[in-house]
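In what follows, every heavy atom counts, from backbone to side chain, and hydrogens, waters and symmetry copies are set aside. Order of the sequence lines fixes the chain letters, A, B, ..., with proteins taken first and strands second; residue numbering starts at 1 for each chain.
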Protein chains: 2
Amino acid sequence: MQKTKAKPAAKTRIQSENQDLILKAALDVFSTYGFRGSTIDQIAIKCGLSKPNLLYYFRRKDDIYAAVLEHTLTQWLAPLRMLDVGNDPIAELTRYIEVKLDMSFANPAASKLFANEILHGASHIEKYLKGPLKELVEAKAAVIQQWIVDGKIRAVDPTHFIFAIWAVTQHYADFSVQVETLLKPSEKPATIKAAVVEILLRGLKVT
Amino acid sequence: MQKTKAKPAAKTRIQSENQDLILKAALDVFSTYGFRGSTIDQIAIKCGLSKPNLLYYFRRKDDIYAAVLEHTLTQWLAPLRMLDVGNDPIAELTRYIEVKLDMSFANPAASKLFANEILHGASHIEKYLKGPLKELVEAKAAVIQQWIVDGKIRAVDPTHFIFAIWAVTQHYADFSVQVETLLKPSEKPATIKAAVVEILLRGLKVT
DNA sequence: TTCATTCTTGATCAAATGGTCAAGACGCGT
DNA sequence: ACGCGTCTTGACCATTTGATCAAGAATGAA
């Protein structure tokens with residue numbers, strides 16, 4: 001026994017591969033059917049593993065869900081972290097909105113996963129909301145506030161403006177069924193991006 | 001047998017009362033836990049009836065859900081129907097946004113019910129989306145377009161603007177847990193309404 | 001090759017849950 | 001008070017589903 005007595009995180013090749021497979025499949029399934037609406041069997045079938053095998057890697061259904069949620073959280077909030085007070089406000093906010101929309105188009109599952117979680121009370125990410133997310137939002141609201149103080153954009157409630165950006169951009173992922181039904185099928189992402197940026201930012205531009 | 005051979009809809013007093021009880025309880029439960037996450041027992045307990053009794057009025061879980069959904073649909077879309085091309089655009093849109101926000105604050109369950117339904121594919125209201133809702137949205141988009149043509153508001157994509165109003169206003173119901181966590185608890189509905197109206201409408205005003 | 005460790009799964013269990021049914025309680029017009 | 005139709009429910013059933021386990025298969029370091 002050459003190794004140290006406790007081996008906390010020595011992951012096997014097979015472990016990485018299979019956990020990755022499971023998390024990918026679980027994101028699909030959970031985002032489509034919600035936590036209660038999803039079954040371990042669905043996830044197992046989707047990633048080609050047997051149900052007991054899946055429970056070998058994650059002992060409970062809840063553990064899979066928590067892992068997927070955590071795995072997606074960082075990625076989803078990343079673009080907001082990049083909001084930089086040093087750059088031009090309109091350019092910076094345009095970029096943020098466009099990146100969020102691109103994410104909604106490219107990975108609607110991630111958005112739907114969060115929508116489900118929040119809709120059902122956010123019990124799994126309560127700590128995260130009250131801690132890191134709250135801090136991040138306060139920091140970025142301060143950035144917007146600074147732009148206002150500097151006279152670079154017109155006055156607006158920074159926090160509610162962030163909410164508005166989230167609401168509108170994630171709407172195209174969470175409500176994609178409705179959007180696709182009500183929109184002409186010819187509508188291209190670029191058109192949508194232009195329309196959304198105009199709606200959200202035109203009111204901020206100084207004359 | 002004095003009555004006509006077939007009696008299609010002669011509702012008893014008890015029937016009306018209990019169906020009403022059930023629909024109220026079902027709205028609460030379904031909007032909180034989603035369709036799959038809700039059990040007939042939960043609804044039965046919440047309205048003080050036994051499970052078999054509940055299934056006497058609605059033979060299947062799906063029937064309860066469909067009834068609640070239909071019962072709420074009309075009410076939820078009503079304010080959009082009132083959008084009148086003859087009135088002042090900013091006043092009309094301000095009223096619409098404020099009514100939608102009031103509904104989100106007063107009856108978040110209705111909003112959450114729809115959010116859940118759309119999020120999970122909208123299979124129960126597919127017909128409604130493609131039919132009446134699509135017609136309504138097209139009609140009201142035309143109203144906004146007319147305002148633009150008349151030079152009363154600045155140019156904007158009408159359909160995406162309607163989406164933006166829906167997204168932002170319903171966000172305060174669907175994501176209420178998140179909103180309440182990130183907002184100062186002192187924030188009043190009137191403050192929120194003013195902020196949202198400003199964010200959505202300032203860009204439309206002609207200079 | 002050896003063999004301890006890791007990985008895989010068929011069989012199985014207990015609980016939850018949608019739904020049924022027959023028997024009885026109740027409401028209400030006469 | 002009577003009697004028919006409405007309403008109510010305890011007991012029960014079949015299926016789904018999260019989770020367990022023991023036994024066997026694959027892996028990989030020496």
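The backbone N or O of B/Leu204 lies less than 3.5 Å from no partner atom in the side chain of B/Arg154, so there is not a single donor-acceptor pair. Judged by distance alone, with hydrogens and angles left aside, the side-chain atoms of A/Ser111 form no donor-acceptor pair with the main-chain N or O of A/Asn107 at under 3.5 Å. Remark: the backbone N or O of B/Ile118 is not paired with any side-chain donor or acceptor of A/Gln178 at under 3.5 angstrom.
Listed in residue order, the members of residues 18-29 of chain A having a heavy atom less than 4.0 Å from DNA chain C are A/Asn18.
Across all strands, A/Tyr57 comes closer than 4.0 Å only to sugar-phosphate atoms, never to a base (heavy-atom distances).
Every pair tested for side chain to side chain donor-acceptor pair (under 3.5 Å) that includes a residue from residues 68-85 of chain B fails, sequence neighbours excluded, so the list is empty. Within the structure, side chain to side chain donor-acceptor pair (under 3.5 Å) contacts touching residues 26-35 of chain B (residues at least two apart or in different chains) do not occur.
For the atom pair B/Lys112 NZ and B/Phe30 CZ, the distance stands at 16.0 Å (nearest 0.5 Å).
For A/Gln15, no side-chain nitrogen or oxygen approaches OP1 or OP2 of C/dT6 to under 4.0 Å. Taking side-chain N and O atoms only, A/Tyr56 has no distance below 4.0 Å to OP1 or OP2 of C/dT8. Phosphate proximity of C/dC7 to A/Asn53: absent, as no side-chain N or O sits under 4.0 Å from OP1 or OP2.
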Could you walk me through whether B/Leu54 and B/Ile64 pass side chain to side chain contact (heavy atoms under 4.5 Å, CB included), step by step? CA-CA 9 Å; B/Leu54 201 149; B/Ile64 312 174; 3.1 Å; yes

Does the protein touch nucleotides 11-20 of chain C at the base, only the backbone, or not at all? Give it as B, S and - per nucleotide, heavy atoms under 4.0 Å. B-----SBBB

Could you run through nucleotides 22-30 of chain C and give me one letter per nucleotide, 5' to 3': B if any protein heavy atom sits under 4.0 Å from the base, S if only the sugar-phosphate is that close, - if neither? -----SS--

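When the salt bridge (Lys or Arg N to Asp or Glu O under 4.0 Å) test is applied to A/Asp62, no partner is found at least two apart in sequence or on another chain.
In the displayed structure, B/Lys24 atom NZ is contacted under 6.0 Å by at most 12 heavy atoms of other residues, nucleotides or ligands.
The side-chain heavy atoms of B/Asn116 and A/Asn116, taken from C-beta on, include a pair separated by under 4.5 Å.
Taking atom CD of A/Gln42 as the reference point, atom C1' of D/dT17 lies 11 Å away to the nearest angstrom. Taking atom CD on A/Glu17 and atom P on C/dC7, their separation rounds to 11 Å, with Å as the unit.
With a 6.0 Å cutoff to the six-membered ring centre and a 45° limit on the axis angle, B/Lys193 does not count as a cation-pi contact of B/Tyr172.
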